[in-house]
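Numbers for residues simply follow the sequence, beginning at 1. When a ligand or atom number is given, it counts from 1 through the structure's own listing order.
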Amino acid sequence: MGSQDNEAVASNSFLADKSAKVFVAGHRGLVGSAIVEKLKQHGFTNLILRSHAELDLTRQSDVEAFFASEKPEYVIVAAAKVGGIHANNTYPADFIGINLQIQTNIIDSAYRNGSKKLLFLGSSCIYPKFAPQPIPEDALLTGTLEPTNEWYAIAKIAGIKMCQAYRIQYKWDAISGMPTNLYGPNDNFHPENSHVLPALMRRFHEAKVKGVKEVVVWGTGSPLREFLHVDDLADAVVFMMEKYSGLEHLNVGSGKEVTIKELAELMKEVVGFEGDLVWDTSKPDGTPRKLMDSSKLAGLGWTPKISLKDGLVDTYKWYSENVNQ
Ligand SMILES: NC(=O)C1=CN([C@@H]2O[C@H](COP(=O)(O)OP(=O)(O)OC[C@H]3O[C@@H](n4cnc5c(N)ncnc54)[C@H](OP(=O)(O)O)[C@@H]3O)[C@@H](O)[C@H]2O)C=CC1
Ligand SMILES: C[C@H]1O[C@H](OP(=O)(O)OP(=O)(O)OC[C@H]2O[C@@H](n3cnc4c(=O)[nH]c(N)nc43)[C@H](O)[C@@H]2O)[C@@H](O)[C@@H](O)C1=O
């Protein structure tokens, strides 16, 4: 990739102008809401935010009109069709189609309307199912994807490639970050369509409240996952906006992995559920392991701060106060 890298792409200091117009797409979601909070903490005063009802990002002409009128200087793409293993496996057309539409509309409109920099967020599922561990950035497109989320992964890979193509052809500062599995306040706690961590938090909480003795957990419990608190991710996003301008996407992980069984035991403890776990092995395990190698980002000077235990306690407090009181 080195020969195509484009030193000619101009990179601005993001943090130098706190009055710059910043569009955070998907600001009501897990990631977008944490990014908005982080930008406010940094003193940004001119955030451009649109709910899904106000602006459907799959509608090309609406997105073009929005960019033509607002002309945001910086764009962070945290809007996407997102879900856990069951949702990805059940709604493949939505996961490929909606994501391709949202990201293509935003990236193209941001470039055409003079945005200075755009950050696109992908996911660790872009890597091959049996990638080397920890997974370096250059494992991309070296093997077959995990079937339960290949539709979503293909859309995310297209987003990375679109940012690269616009850098190469237009000398435009589009970058990509690949977060590992995230969690935190404002997560999706849907019983079937969410990711494992919010799903288990809800199931254990409801079992505790109702005095149920057993809780079902999907799969064998053996898959390994790397979890990162969304506040750490938001911090990394601001860091990348300020410090990174390159062709290659950057992994953003915690560097720590747990089995799903270990996660379930920890969740049980944090929630205070005292019953038993029952494993439903008819449900898919998905990728056996996906620990990312985040040493490139660490080399630039960013490391995570929130441990899984502290993050779970924080998230359960938020859940108890905001979702299920
Ligand atoms: N959660 C995770 O574990 C991980 C997430 N990521 C990435 O982070 C990004 C954000 O994910 P996350 O915050 O978890 O997802 P959420 O589902 O919590 O948030 C996504 C946001 O996008 C909005 N959105 C979806 N479709 C549209 C649309 N057509 N028009 C306008 N807005 C829309 C949603 O609004 P509404 O709900 O109203 O539709 C929601 O506010 C994604 O790119 C995802 O790939 C990466 C790795 C892991
Ligand atoms: C972020 C990432 O998220 C997804 O990939 P995933 O990591 O496989 O996601 P998951 O959180 O849904 O599952 C993790 C593991 O946990 C097990 N598991 C147990 N019990 C429940 C449960 O109750 N719900 C869920 N969802 N999983 C459960 C489950 O069987 C699996 O072994 C992708 O779709 C992909 O698109 C992506 O990017």
Side-chain angles (χ1 to χ4, degrees), residues 24-35 49-59 62-63 66 76-91 94-95 97-99 101-103 105-106 119-127 145-146 148-153 155-156 159 176-184 186-204 215-228 230 233-234 237 252-253 259-261 263-264 267 277 279-290 292:
V24 181
H27 73 285
R28 287 179 154 181
L30 169 69
V31 170
S33 60
I35 292 172
L49 310 171
R50 292 289 184 281
S51 67
H52 190 158
E54 290 164 339
L55 175 63
D56 183 342
L57 294 162
T58 64
R59 299 178 74 93
D62 291 357
V63 176
F66 162 76
I76 299 170
V77 189
K81 174 76 183 168
V82 177
I85 194 165
H86 172 78
N88 269 267
N89 217 7
T90 311
Y91 311 108
D94 290 351
F95 276 84
I98 292 172
N99 284 316
Q101 286 175 318
I102 291 175
Q103 68 204 34
N105 290 341
I106 296 177
L119 186 149
F120 171 72
L121 288 172
S123 157
S124 57
C125 72
I126 58 161
Y127 292 113
L145 296 165
E146 155 61 30
T148 55
N149 58 35
E150 65 178 323
W151 319 98
Y152 178 73
K156 292 293 183 184
S176 301
M178 295 305 117
T180 187
N181 291 42
L182 304 169
Y183 70 96
N186 292 312
D187 209 340
N188 167 14
F189 292 88
H190 189 277
E192 283 89 36
N193 293 333
S194 63
H195 291 104
V196 59
L197 195 151
L200 294 187
M201 185 170 287
R202 176 179 177 157
R203 221 171 286 147
F204 287 142
V215 159
V216 174
V217 188
W218 300 354
T220 61
S222 66
L224 286 151
R225 291 293 182 271
E226 177 191 20
F227 293 97
L228 182 74
V230 74
L233 189 262
V237 162
V252 190
T259 63
I260 296 302
K261 185 168 187 302
L263 174 74
M267 185 69 79
L277 306 184
W279 295 90
D280 178 358
T281 52
S282 71
K283 294 283 199 299
D285 270 344
T287 310
R289 190 181 179 200
K290 47 175 176 177
M292 293 203 298

Mode of Val196 contact toward ligand 2 - side chain, backbone, both, neither (heavy atoms, under 4.0 Å): both
Nearest to [atom], what protein heavy atom do you find, and at what distance?
{"atom": "atom 23 (O) of ligand 2", "answer": "Arg203 NH2, 2.6 Å"}
{"atom": "atom 1 (C) of ligand 2", "answer": "His195 NE2, 3.5 Å"}
{"atom": "atom 33 (C) of ligand 2", "answer": "Asn149 ND2, 3.4 Å"}
{"atom": "atom 32 (O) of ligand 2", "answer": "Asp285 O, 2.6 Å"}
{"atom": "atom 20 (N) of ligand 2", "answer": "Trp218 N, 3.0 Å"}
{"atom": "atom 5 (O) of ligand 2", "answer": "Lys290 NZ, 3.5 Å"}
{"atom": "atom 12 (O) of ligand 2", "answer": "Ile85 N, 2.7 Å"}
{"atom": "atom 37 (C) of ligand 2", "answer": "Ser123 OG, 3.6 Å"}

Does any non-hydrogen side-chain atom of [Y] lie less than 4.5 Å from one of [X]?
{"X": "Pro198", "Y": "Asn188", "value": "no"}
{"X": "Val237", "Y": "Leu121", "value": "yes"}
{"X": "His86", "Y": "Asn193", "value": "yes"}

Using distance alone, determine whether [X] and ligand 2 share an N or O pair under 3.5 Å.
{"X": "Ser124", "answer": "no"}
{"X": "His86", "answer": "no"}
{"X": "Arg225", "answer": "yes"}
{"X": "Tyr152", "answer": "no"}

Least distance between heavy atoms, Arg203 atom then Val217 atom: NH1-CA, 4.2 Å
Set of residues that line ligand 1, where lining means a heavy atom lies under 4.0 Å from it: Gly26, Arg28, Gly29, Leu30, Val31, His52, Leu55, Asp56, Leu57, Thr58, Ala78, Ala79, Ala80, Val82, Ile102, Leu121, Gly122, Ser123, Tyr152, Lys156, Pro179, Thr180, Asn181, Leu182, His195
Atom pair OG1 (Thr287) and CG (Leu145), whose distance is rounded to the nearest 0.5 Å: 9.0 Å
Numbered atoms of ligand 2 (with element) below 4.0 Å of [X], judged on heavy atoms:
{"X": "Asn181", "value": "1 (C), 7 (O)"}
{"X": "Ala199", "value": "22 (C), 23 (O), 24 (N)"}
{"X": "Gly84", "value": "12 (O), 34 (O)"}
{"X": "Asn88", "value": "33 (C), 34 (O), 36 (O)"}

Counting N and O atoms only, with roles assigned by atom type, does the side chain of [X] sit under 3.5 Å from a partner on the main chain of [Y], one being a donor and the other an acceptor?
{"X": "Arg50", "Y": "Leu55", "answer": "no"}
{"X": "Asn88", "Y": "Gly83", "answer": "yes"}
{"X": "Glu146", "Y": "Cys125", "answer": "no"}
{"X": "Ser194", "Y": "Pro191", "answer": "no"}
{"X": "Asn99", "Y": "Ala80", "answer": "no"}

Neighbour count above 12 (heavy atom, 6.0 Å) for Arg28 CZ: no
Contacts of Asp62 that satisfy side-chain hydrogen bond (donor to acceptor under 3.5 Å, both in side chains) - sequence neighbours left out: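 Asp62 satisfies side-chain hydrogen bond (donor to acceptor under 3.5 Å, both in side chains) with Arg59 once adjacent residues are dropped.
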Ile260 heavy atom under 4.0 Å from ligand 2: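 So Ile260 counts as touching ligand 2.
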Test item, Gly83 contacting ligand 2 (heavy atom, 4.0 angstrom):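 Yes.
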Chi angles and distances behind the side chain to side chain contact (heavy atoms under 4.5 Å, CB included) call for Ile85, Trp218: CA-CA 10 Å; Ile85 194 165; Trp218 300 354; 4.0 Å; yes
Identified side-chain contact (heavy atoms from CB on, under 4.5 Å) partner of Val31 from the options Asp187, Leu182, Asn186: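 Of Asp187, Leu182, Asn186, side-chain contact (heavy atoms from CB on, under 4.5 Å) with Val31 is met by Leu182 alone.
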Of the listed options Pro223, Ala153, Pro284, closest to atom 30 (O) of ligand 2 (non-hydrogen atoms): Pro284
Step-by-step side chain to side chain contact (heavy atoms under 4.5 Å, CB included) determination, Asn105 to Phe66: CA-CA 11 Å; Asn105 290 341; Phe66 162 76; over 6 Å; no
Stepwise side chain to side chain contact (heavy atoms under 4.5 Å, CB included) check, Leu197 with Met267: CA-CA 8 Å; Leu197 195 151; Met267 185 69 79; 3.8 Å; yes
